[in-house]
Protein chains: 2
Amino acid sequence: MTSLSDEQTLVVLRAQGRRVTLQRKLLLEVVRQGEGHLDADEIYRRAREQDPRISLSTVYRNLNLLKELGLISEVHLDQEHHHYELRDAKEHYHLICRDCDRVVEFHSPLVGKLMDQISGEKDFSIERVHIDLVGLCGDCGGSKSG
Amino acid sequence: MTSLSDEQTLVVLRAQGRRVTLQRKLLLEVVRQGEGHLDADEIYRRAREQDPRISLSTVYRNLNLLKELGLISEVHLDQEHHHYELRDAKEHYHLICRDCDRVVEFHSPLVGKLMDQISGEKDFSIERVHIDLVGLCGDCGGSKSG
DNA sequence: AATGTAATTGCCAACCATTTGCAGAAGGAT
DNA sequence: ATCCTTCTGCAAATGGTTGGCAATTACATT
């Protein structure tokens with residue numbers, strides 16, 4: 001399992017005393033289907049296709065709410081926009097092509113080792129890890145096979 | 001040596017056909033002395049102490065220019081502001097306390113290993129690495145010694 | 001099913017960091 | 001010293017995000 005189902009997510013909402021509105025259900029669906037790489041405006045655009053009356057404020061308000069509840073996370077892929085993704089049980093990191101903007105997710109056991117090492121060395125307890133590796137993908141001339 | 005001296009930086013400017021202005025010299029000095037964790041507005045404030053006539057536009061324009069030329073880099077410590085630092089020969093990463101906002105820089109050989117591993121696995125050539133580890137520092141209750 | 005009520009929405013204006021247009025100032029080659 | 005072009009300062013524009021408020025809606029209670 002990589003992330004909560006929309007249904008489970010709604011249960012969390014309820015547990016926090018928040019209401020389950022049509023808009024929230026819709027937004028969760030959109031964020032889920034966006035697979036992690038939609039910004040607020042794109043989420044708004046897609047949500048409108050289902051419900052043309054939804055407002056941009058509602059999108060922002062709910063992205064912030066869901067973020068506070070820890071149900072989605074905000075990703076900084078570039079300096080321009082924040083992207084949103086359902087929060088995974090298993091964290092992942094990003095490999096970003098600076099030419100075509102392709103984003104590839106990765107995970108590696110080295111990350112855990114790094115956390116342990118730095119955590120001990122600097123006396124921190126680490127809760128979240130953000131890693132972005134920026135470069136050129138194979139198609140954009142970055143690989144050694146090119 | 002960790003980063004270019006201001007003088008060397010100015011040489012790069014000249015080499016790119018850009019002019020060496022008083023404002024640019026001043027901004028480089030401020031960014032250098034800020035040691036990597038000033039946002040645009042703070043840079044503006046400090047620059048004004050030296051030259052009260054400098055404008056915020058000039059600050060932004062030059063931060064962007066210096067960034068394009070690769071002389072400084074933009075760091076996303078939080079969602080609010082971008083911070084700027086002289087670009088180091090040796091990259092470093094950030095350990096951030098979510099409570100007191102303290103930022104500790106770190107480096108580890110594991111990062112190089114991670115780059116090699118992922119680079120090979122995913123066929124990317126990696127140019128830049130951003131790592132932020134967010135958690136609680138010892139003082140804020142995060143350490144195992146508490 | 002109808003009611004009460006507090007959370008939520010949509011609309012619109014405000015906000016604030018950043019960018020842009022333009023006229024005047026200044027770097028730097030000659 | 002002159003000329004040409006880049007750069008600056010100012011002020012207005014931009015664009016993503018937030019906030020106020022009246023109308024709407026979720027949902028617990030009856």
Side-chain angles (χ1 to χ4, degrees), chain A residues 6-7 9-31 38-69 71-72 74-84, chain B residues 6-7 9-31 38-69 71-72 74-84:
Chain A
D6 283 357
E7 193 122 336
T9 304
L10 296 178
V11 169
V12 173
L13 263 185
R14 294 264 55 245
Q16 301 286 333
R18 300 319 188 100
R19 292 179 178 175
V20 175
T21 63
L22 287 174
Q23 292 89 337
R24 286 175 181 164
K25 286 195 266 191
L26 173 54
L27 289 172
L28 274 171
E29 207 181 296
V30 170
V31 171
L38 305 181
D39 62 17
D41 202 63
E42 182 62 27
I43 290 169
Y44 174 51
R45 223 170 295 129
R46 296 197 185 185
R48 287 184 104 167
E49 290 172 12
Q50 303 282 117
D51 171 9
R53 302 190 59 262
I54 197 172
S55 83
L56 187 52
S57 315
T58 297
V59 172
Y60 276 110
R61 274 191 291 237
N62 282 315
L63 289 176
N64 283 334
L65 174 65
L66 295 171
K67 194 174 52 170
E68 272 168 37
L69 298 183
L71 296 174
I72 64 176
E74 200 177 51
V75 183
H76 298 243
L77 291 179
D78 54 55
Q79 22 270 60
E80 306 312 320
H81 299 285
H82 300 157
H83 295 235
Y84 297 87
Chain B
D6 283 356
E7 193 121 336
T9 305
L10 297 177
V11 169
V12 172
L13 264 184
R14 295 262 58 245
Q16 300 286 331
R18 301 318 189 100
R19 291 179 179 174
V20 174
T21 64
L22 287 173
Q23 292 88 337
R24 285 175 183 164
K25 286 196 267 192
L26 173 54
L27 289 172
L28 275 171
E29 207 181 296
V30 170
V31 171
L38 305 181
D39 61 17
D41 202 63
E42 181 63 27
I43 290 168
Y44 174 51
R45 222 170 296 129
R46 296 197 186 184
R48 288 184 102 166
E49 290 171 11
Q50 303 282 116
D51 171 9
R53 302 189 58 262
I54 197 172
S55 84
L56 186 54
S57 317
T58 297
V59 172
Y60 276 110
R61 273 190 290 238
N62 283 315
L63 289 176
N64 282 336
L65 174 66
L66 295 171
K67 193 173 53 169
E68 273 168 37
L69 297 183
L71 297 174
I72 63 176
E74 199 177 53
V75 183
H76 299 244
L77 291 180
D78 55 53
Q79 20 271 58
E80 306 312 320
H81 298 283
H82 300 157
H83 295 235
Y84 297 87

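A, B, ... follow the sequence lines: proteins, then strands. Residue 1 opens every chain.
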Check the distance between [N]'s [atom2] and [X]'s [atom1] and give it to me in whole angstrom.
| X | N | atom1 | atom2 | result |
| --- | --- | --- | --- | --- |
| A:R48 | C:dC11 | CZ | C1' | 12 Å |
| B:L63 | C:dT19 | CG | C1' | 13 Å |
| A:Q16 | C:dA7 | CD | C1' | 15 Å |
| A:R45 | D:dG15 | CZ | P | 14 Å |
| A:N62 | D:dT18 | CG | P | 12 Å |
| A:E68 | C:dA7 | CD | P | 15 Å |
| A:E74 | D:dG16 | CD | P | 15 Å |
| B:D51 | D:dC10 | CG | P | 10 Å |

Side chain to side chain contact (heavy atoms under 4.5 Å, CB included) partners for B:A47, two or more places apart: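 With sequence neighbours excluded, B:A47 shows a side chain to side chain contact (heavy atoms under 4.5 Å, CB included) to B:L26, B:L27, B:V30, B:I54, given in chain and number order.
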When you get a sec, tell me which of C:dG10, D:dT8, C:dT9 is the closest nucleotide to the side chain of B:T58?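 So the side chain of B:T58 is nearest to D:dT8.
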Pair A:R45 + A:E42: basic N to acidic O under 4.0 Å: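 Judged by the 4.0 Å cut-off on N to carboxylate O distance, A:R45 and A:E42 do form a salt bridge.
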Does OP1 or OP2 of D:dT18 have a side-chain N or O of A:N64 closer than 4.0 Å?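 Checking D:dT18 against A:N64, a side-chain N or O does come within under 4.0 Å of OP1 or OP2.
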Side-chain N or O of B:Q23 closer than 4.0 Å to phosphate OP1/OP2 of D:dG9: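 For D:dG9, OP1 or OP2 has a side-chain N or O of B:Q23 closer than 4.0 Å.
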Using a 4.0 Å heavy-atom cut-off, does A:D41 contact any base of the nucleic acid, only the sugar-phosphate backbone, or nothing at all?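 Here A:D41 touches no strand at all.
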Look at all strands and tell whether B:L56 reaches a base, only sugar-phosphate, or nothing, counting heavy atoms closer than 4.0 Å.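 Base, at least one base heavy atom under 4.0 Å.
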Sequence neighbours excluded - side chain to side chain donor-acceptor pair (under 3.5 Å) pairs with any residue from residues 17-27 of chain B: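 Counting only pairs at least two positions apart or across chains, the side chain to side chain donor-acceptor pair (under 3.5 Å) contacts touching residues 17-27 of chain B are B:R24-B:N62.
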Give, for atom CD of A:E74 and atom CG of A:D39, the distance between the pair rounded to the nearest 0.5 Å.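 Nearest 0.5 Å value for the CD-CG distance: 11.0 Å.
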CG-CD distance between B:N64 and B:E68, expressed to the nearest 0.5 angstrom: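 B:N64 CG to B:E68 CD: 6.5 Å, rounded to 0.5 Å.
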Considering only heavy atoms from C-beta outward, does the side chain of A:V12 approach that of A:L71 to under 4.5 Å?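 Of all side-chain heavy-atom pairs linking A:L71 with A:V12, at least one is under 4.5 Å.
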Do B:D51 and B:L22 have side chains that approach each other closer than 4.5 Å (heavy atoms only, starting at C-beta)?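 No, side chains not in contact.
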Give the B/S/- string for nucleotides 19-29 of chain D, one per nucleotide from 5' to 3', where a protein heavy atom under 4.0 Å of the base yields B, of only the sugar-phosphate yields S, and otherwise -. BB----BBSS-
Could you pick out which residue, B:R24 or B:P52, lies toward the 5' side of DNA chain D when each is mapped onto its nearest nucleotide?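 Final value for this comparison: B:R24.
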